[in-house]
Amino acid sequence: MNNKSITLCHLYGELLNLYGDSGNVSVIKMRAEKRGIEFKLKTICYDDEIDFSGVDIIMLGGGTMQALKKVSQKADTLVSALKEYVERGGVMLALCEGYHIMGSFYECGEERIDGLKILDIDVKDAGQRLIGNAAIKATLENKEVILTGFENHICSVDIKGYTPFGKVIYGKGNDGKGEYEGVIYKNLIGTHLYGQILSQNPEFADYLIKTALDRKYGGDNTLCELDDTMEKRAKEFMIEREMKK
């Protein structure tokens, strides 16, 4: 056991867990503990006080329109703390609607709610459901990787001048055009590749862990390799199958 630890905050997990997002928490825990890194889980539920002190990673999942409305109503108490965390380089993964609520506003059909305005991005109704398997080419730790997942959203995201998380290999991406997917700002990553994205892409989980450790302890906290043979085979099979369509 080494003397390092990471604390992950699952934010509003009882509201925003539509796609089994809590499974991503389990992946971070498992991959940290296999390396002797102590894992601590901090859950912040809807009625809890917002406190990100000591937090190394925040995870915000996907949910229904009703759930997003409730989160939007927490803006007065949530935004300042979350914005400070992000601006100071805190690691955060925002998935699907969790990604959408980071923006200025969120439109779905005829409904519109205010976003948290952590990012200056616009989320509008796409007029169609953007759904299916997806893969993107992203850069993690100066290394090009392919990440796979499943997208299911009815919104088009204009990330304006921000850097996209990755370039679409197949899938719909941010706006249905199949060009770019997600957003990355400092150590905040928003993506439509929801659900068990970290179990499909262990290198992405390791990126989040290492980035959190580097921020907390300084230096280069290189992680020892784990046996991801099965995950790699599954990903290769999925990519090959989709590319043949």
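Along the sequence shown, residues are numbered consecutively beginning with 1.
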Can you name the residues that form a side-chain hydrogen bond (donor to acceptor under 3.5 Å, both in side chains) with H100, not counting sequence neighbours?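 Listed in chain order: H192.
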For D228, all residues meeting salt bridge (charged side-chain N to carboxylate O under 4.0 Å, His left out), sequence neighbours excluded: R31
Indicate, with yes or no, if [Y] and [X] share a hydrophobic cluster defined by side-chain heavy-atom contacts under 4.5 Å among Ile, Leu, Val, Met, Phe, Trp and Tyr.
X    : Y    : result
I136 : M238 : no
Y170 : V145 : no
I37  : L226 : no

Counting only heavy atoms not in R88, do more than 12 fall under 6.0 Å of its CZ?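 At most 12 heavy atoms, drawn from other residues, nucleotides or ligands, come within 6.0 Å of this atom.
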Between K210 and D220, does any side-chain N to carboxylate O distance fall below 4.0 Å? yes
Check the pair Y162 / Y180 against ring-ring contact (aromatic ring centres under 6.0 Å, His included), numbers first and verdict last. CA-CA 11 Å; Y162 292 102; Y180 295 99; over 10 Å; no
Ignoring hydrogens and geometry beyond distance, is a side-chain donor-acceptor pair present between [X] and [Y] at under 3.5 Å?
X    : Y    : result
T148 : Q200 : yes
S199 : E231 : no
K216 : S5   : yes
R215 : N187 : no

Using the rule given for salt bridge (Lys or Arg N to Asp or Glu O under 4.0 Å), can you reason through K244 versus E240, listing the C-alpha separation, both sets of side-chain angles and the distance that settles it, and then say yes or no? CA-CA 6 Å; K244 286 181 178 178; E240 183 178 358; 3.4 Å; yes
What residue among L198, N201, I189, V91 forms side chain to side chain contact (heavy atoms under 4.5 Å, CB included) with Y207?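 Going through L198, N201, I189, V91 one by one, the side chain to side chain contact (heavy atoms under 4.5 Å, CB included) with Y207 is satisfied by I189 alone.
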Here's a test for you: under side chain to side chain contact (heavy atoms under 4.5 Å, CB included), which of I57, N24, V25 qualifies with H10? V25
May I ask you to test the N174-I159 pair for a side-chain heavy-atom distance under 4.5 Å?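 In contact.
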How far apart are the C-alpha atoms of D125 and R112, what are their side-chain angles, what is the distance that settles it, and do they pass the salt bridge (Lys or Arg N to Asp or Glu O under 4.0 Å) test? CA-CA 9 Å; D125 193 298; R112 173 174 169 142; over 6 Å; no
Report the C-alpha separation of K160 and D122 in whole Å, then their side-chain angles, then the decisive distance to 0.1 Å, and conclude whether the salt bridge (Lys or Arg N to Asp or Glu O under 4.0 Å) test is met. CA-CA 8 Å; K160 301 181 182 179; D122 296 339; 3.4 Å; yes
